[in-house]
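These notes are about the structure you will find just below.
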Amino acid sequence: MLSFSLVSLTSPASSSLQPPAKYLLPEMKISDDGKKCVVIDLDETLVHSSFKPISNADFIVPVEIDGTVHQVYVLKRPHVDEFLQKMGELFECVLFTASLAKYADPVADLLDQWGVFRARLFRESCVFHRGNYVKDLSRLGRDLNNVIIVDNSPASYIFHPENAVPVQSWFDDMNDTELLDLLPFFEGLSKEDEVYGVLQNLRSR
């Protein structure tokens, strides 16, 4: 299957970046008070997308690129529904993707039927650093002691590797159980005072 990332589309980041607001996220909702913030990637973490037709696609999303509408075929990673619902109970969840909003926003609408994502951040919220779109967690407006990023790309969290829960890139393995396997870990992490000690133990395994 054709690997697909919207990172390659349209102009370089530098020409489209807006001056950042002080923080990327709004104030935490009262209902999330005391919860840790989990930043979750989209492509190859929760879904895999392709311009090439996929017979068992979960969604088909039209995306306009340079005046032409392309059909994007989206596969959901196994257990993503259960993962999102549980994460939404335990954490303040934020979608953060290096992809373009015109692709990622409609995918998120279809994927997140429960309103798990309190906010959605796209490419313009990334920092373009040495050829990569980096998710700078210090710009979120949350205490970094209580921020976790779930992402398949180490380049995405190169500024804050100590906050990361790495996941394997997913394309089309329908026997994959990684999201399901992570839930007990996240349930435990949600009860900790801060994330660094637990995540350091995870990295040293």
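Contact record, Thr68 with His70: O-CD2, 3.3 Å, taken as the closest heavy-atom pair. A pairwise comparison of heavy atoms in Gly88 and Cys93 identifies N-SG, 3.9 Å as the closest pair. When all heavy atoms are compared, the tightest approach of Ala155 to Val134 is O-CG2, 3.6 Å. Minimum heavy-atom separation, Gln113 to Leu110: NE2-O, 2.6 Å. The minimum heavy-atom distance linking Phe96 with Phe122 is given by the pair CE2-O, 3.9 Å. Nearest heavy-atom pair across Leu75 and Ala57 is CD2-CA, 4.1 Å.
To the nearest 0.5 Å, atom CD1 of residue Ile149 and atom CG of residue Asp41 are 7.5 Å apart. We find the NE2-NZ distance between His160 and Lys135 to be 14.0 Å, quoted to the nearest 0.5 Å. Atom CE of residue Met87 and atom CD of residue Glu92 lie 12.0 Å apart, to the nearest 0.5 angstrom. The CG atom of Leu100 lies 8.0 Å from the CD1 atom of Ile65; values are rounded to the nearest 0.5 Å. Going from atom CG of Leu121 over to atom CG of Leu140 covers 7.0 Å, rounded to the nearest 0.5 Å. Note that OG of Ser49 and CG of Asp43 are 5.0 Å apart. Values are rounded to the nearest 0.5 Å.
At least one side-chain heavy atom of Cys37 sits less than 4.5 Å from a side-chain heavy atom of Leu25. Using a 4.5 Å cut-off on side-chain heavy atoms (C-beta onward), Glu44 and Leu42 make no contact. Annotation: side chain of Leu183 is not in contact with side chain of His79 (no heavy-atom distance under 4.5 Å). Using a 4.5 Å heavy-atom cutoff, the side chains of Asp32 and Arg118 are in contact. Residues Val74 and Asp58 are not in side-chain contact: their nearest non-hydrogen atoms beyond the backbone lie 4.5 Å or more apart. With contacts defined as side-chain heavy-atom distances shorter than 4.5 Å, the pair Leu137/Tyr157 does not qualify. A 4.5 Å side-chain heavy-atom check between Trp170 and Val80 finds every atom pair outside the cut-off. With contacts defined as side-chain heavy-atom distances shorter than 4.5 Å, the pair Asp136/His129 does not qualify.
In this structure, the side chain of Lys102 engages the main chain of Glu64 through a donor-acceptor pair within 3.5 Å. The closest donor-acceptor contact from the side chain of Lys35 to the backbone of Glu89 lies under 3.5 Å. Here the side chain of Asp143 pairs a donor or acceptor atom with the backbone of Asn145 at under 3.5 angstrom. A donor-acceptor contact shorter than 3.5 Å is absent between the side chain of Lys36 and the backbone of Val195.
Residue Leu180 places its CG atom among more than 12 non-hydrogen atoms of other residues, nucleotides or ligands, all under 6.0 Å distant. Counting heavy-atom neighbours within 6.0 Å of Asn201 CG, excluding the residue itself, gives a total above 12. Around CD of Gln168, the count of heavy atoms belonging to other residues, nucleotides or ligands within 6.0 Å does not exceed 12.
Val147 is connected to Phe185 through a chain of hydrophobic side-chain contacts under 4.5 Å among Ile, Leu, Val, Met, Phe, Trp and Tyr, so both are in one cluster. Hydrophobic clustering, with ILVMFWY side chains joined whenever heavy atoms are under 4.5 angstrom apart, groups Met174 together with Ile54. Residues Leu199 and Leu144 are members of one and the same hydrophobic cluster, defined by side-chain heavy-atom contacts under 4.5 angstrom among Ile, Leu, Val, Met, Phe, Trp and Tyr. Residue Met28 is not grouped with residue Ile148 when hydrophobic side chains (ILVMFWY) are merged at heavy-atom distances under 4.5 angstrom, including chains of intermediate members.
For Asn163, the side-chain hydrogen bond (donor to acceptor under 3.5 Å, both in side chains) test picks out Tyr196, with sequence neighbours left out. Take Phe59 and apply the ring pair (Phe, Tyr, Trp, His ring centres under 6.0 Å) test, not counting sequence neighbours, and it matches no residue. For the side-chain hydrogen bond (donor to acceptor under 3.5 Å, both in side chains) test, no residue two or more places apart in sequence or in another chain qualifies with Glu187.
Between Tyr73 and Phe51, the gap from one ring centroid to the other reaches at least 6.0 Å.
For Ser153 and Asp151, the side-chain atoms include no donor-acceptor pair closer than 3.5 Å.
With Arg120 as the fixed residue, the side-chain hydrogen bond (donor to acceptor under 3.5 Å, both in side chains) test singles out one of Thr97, Asp109, Asp112: Asp109. Across Asp176, Asp172, Asp81, a single residue satisfies salt bridge (Lys or Arg N to Asp or Glu O under 4.0 Å) together with Lys76, and that is Asp81.
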Practice task
Dump the intermediate steps for side-chain contact (heavy atoms from CB on, under 4.5 Å) on Val116 and Leu95, then the final yes or no.
Solution key: CA-CA 9 Å; Val116 168; Leu95 181 74; over 6 Å; no

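Classification of Glu178 and Arg77 as a salt-bridged pair holds, one side-chain N sitting under 4.0 Å from a carboxylate O.
Using the six-membered ring where Trp is involved, Phe186 and Phe83 have ring planes that are perpendicular, over 60° apart on the 30 and 60° scheme.
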